[in-house]
Q: 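Have a look at this one before I ask anything.
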Amino acid sequence: MKSLLTKLNRQEEIIIFSLLGLILISSLILINSKLNSLKNDAFIDFQSSKAYFQNMQILLLREDQNKSYEQIDSQNLASTISSLARNKGLSIDRIQPVDDNSYIVTINNGEFVSLFGWMKDLDEQRSISVTKASIKRSTSNPSNKIRAQMVLSLTK
């Protein structure tokens with residue numbers, strides 16, 4: 001190779017080194033563009049992963065909040081039943097404990113629609129289900145008023 005370079009005149013050497021320099025620069029430009037493309041793809045993947053991760057954190061936080069909100073022990077079961085009944089406009093006459101996770105609830109002069117919504121909320125929001133129910137039309141005030149006696153139990 002050294003003998004080949006010594007045989008070349010100055011102009012030929014300049015042309016060869018210029019071509020080698022041009023090949024080197026174009027190779028570096030191609031490598032740089034490929035690396036920039038990979039960097040942009042990685043950045044887009046990172047942004048989508050970050051958004052997915054943030055959404056999962058929000059969902060997990062909401063799930064934890066819902067679980068802590070929905071957890072009811074037998075000590076505050078009666079107060080939960082009463083407060084949800086008040087929210088629906090129902091007046092509970094008596095709450096009598098049956099065992100640790102069950103209560104007999106008596107309601108007089110309540111509206112059926114409110115009673116039904118209350119039972120639905122108990123089941124869906126607080127995992128309290130109706131195990132027995134007796135619902136009758138009120139004899140003292142027959143217009144839309146009912147008397148109900150039911151056994152409510154905490155389902156786990």
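All values derive from a computational prediction rather than experimental measurement. Below, all heavy atoms of this structure are taken into account, side chains as well, without hydrogens, waters or symmetry copies.
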Q: With sequence neighbours excluded, tell me which residues meet side-chain hydrogen bond (donor to acceptor under 3.5 Å, both in side chains) with Asp93.
A: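 With neighbours one apart ignored, the set is Asn108.
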
Q: Is there a side-chain contact between Tyr103 and Ile92 in this structure, where contact means two heavy atoms from C-beta onward sitting under 4.5 Å apart?
A: no

Q: By side-chain hydrogen bond (donor to acceptor under 3.5 Å, both in side chains), which residues pair with Ser114, not counting sequence neighbours?
A: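 Partners of Ser114 under the side-chain hydrogen bond (donor to acceptor under 3.5 Å, both in side chains) test: none.
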
Q: Got a second to check how far Trp118's CH2 is from Leu90's CG, nearest 0.5 Å?
A: 7.0 Å

Q: Is Ile104 reachable from Val130 through a run of hydrophobic residues whose side-chain heavy atoms are each under 4.5 Å from the next?
A: no

Q: Taking the side chain as every heavy atom from C-beta outward, state whether Met150 and Met119 have any pair of such atoms under 4.5 Å apart.
A: yes

Q: Let me confirm one number: the OG-CG distance from Ser37 to Asn32, rounded to the nearest 0.5 Å.
A: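 The distance works out to 11.0 Å.
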
Q: Look at the rings of Phe43 and Phe46 and say which category their plane angle falls in: under 30° parallel, 30 to 60° tilted, over 60° perpendicular.
A: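 Judged by the thresholds at 30° and 60°, the geometry between Phe43 and Phe46 is tilted.
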
Q: So which pairs with a foot in residues 26-46 pass salt bridge (charged side-chain N to carboxylate O under 4.0 Å, His left out), sequence neighbours left out?
A: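 Sorted result for residues 26-46: empty, none.
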
Q: For atom CD of Gln11, decide whether the heavy atoms of other residues, nucleotides or ligands shown that lie under 6.0 angstrom number more than 12.
A: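 Incorrect, the count does not exceed 12.
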
Q: Check Thr131 against Ser153 and note the closest heavy-atom contact, atom names and distance.
A: CG2-OG, 3.5 Å

Q: To the closest 0.5 Å, what do you measure between CD1 (Ile29) and CG (Asn36)?
A: 12.0 Å

Q: Say whether Ile95 and Val98 are linked into one hydrophobic cluster, either directly or through other cluster members, by side-chain heavy-atom distances under 4.5 angstrom.
A: no

Q: In the structure I gave you, are the side-chain heavy atoms of Lys136 and Ile146 within less than 4.5 Å of one another anywhere?
A: no

Q: With Ser18 as reference, evaluate Ile14, Leu22, Ile15 under the side-chain contact (heavy atoms from CB on, under 4.5 Å) test and give the passing residue.
A: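 Of the listed options, the one satisfying the test is Ile14.
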
Q: Any heavy-atom pair between the side chains of Ile81 and Leu152 that's under 4.5 Å?
A: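 Yes, side chains in contact.
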
Q: So, taking the atom named OG in Ser91 and the one named CZ in Arg86, what distance separates them when rounded to the nearest 0.5 Å?
A: 10.0 Å

Q: Would you check, one step at a time, whether the test salt bridge (charged side-chain N to carboxylate O under 4.0 Å, His left out) holds for Asp121 with Arg126?
A: CA-CA 7 Å; Asp121 286 349; Arg126 307 300 181 136; over 6 Å; no

Q: Are the side chain of Ser33 and the backbone N or O of Leu30 linked by a donor-acceptor pair below 3.5 Å?
A: yes

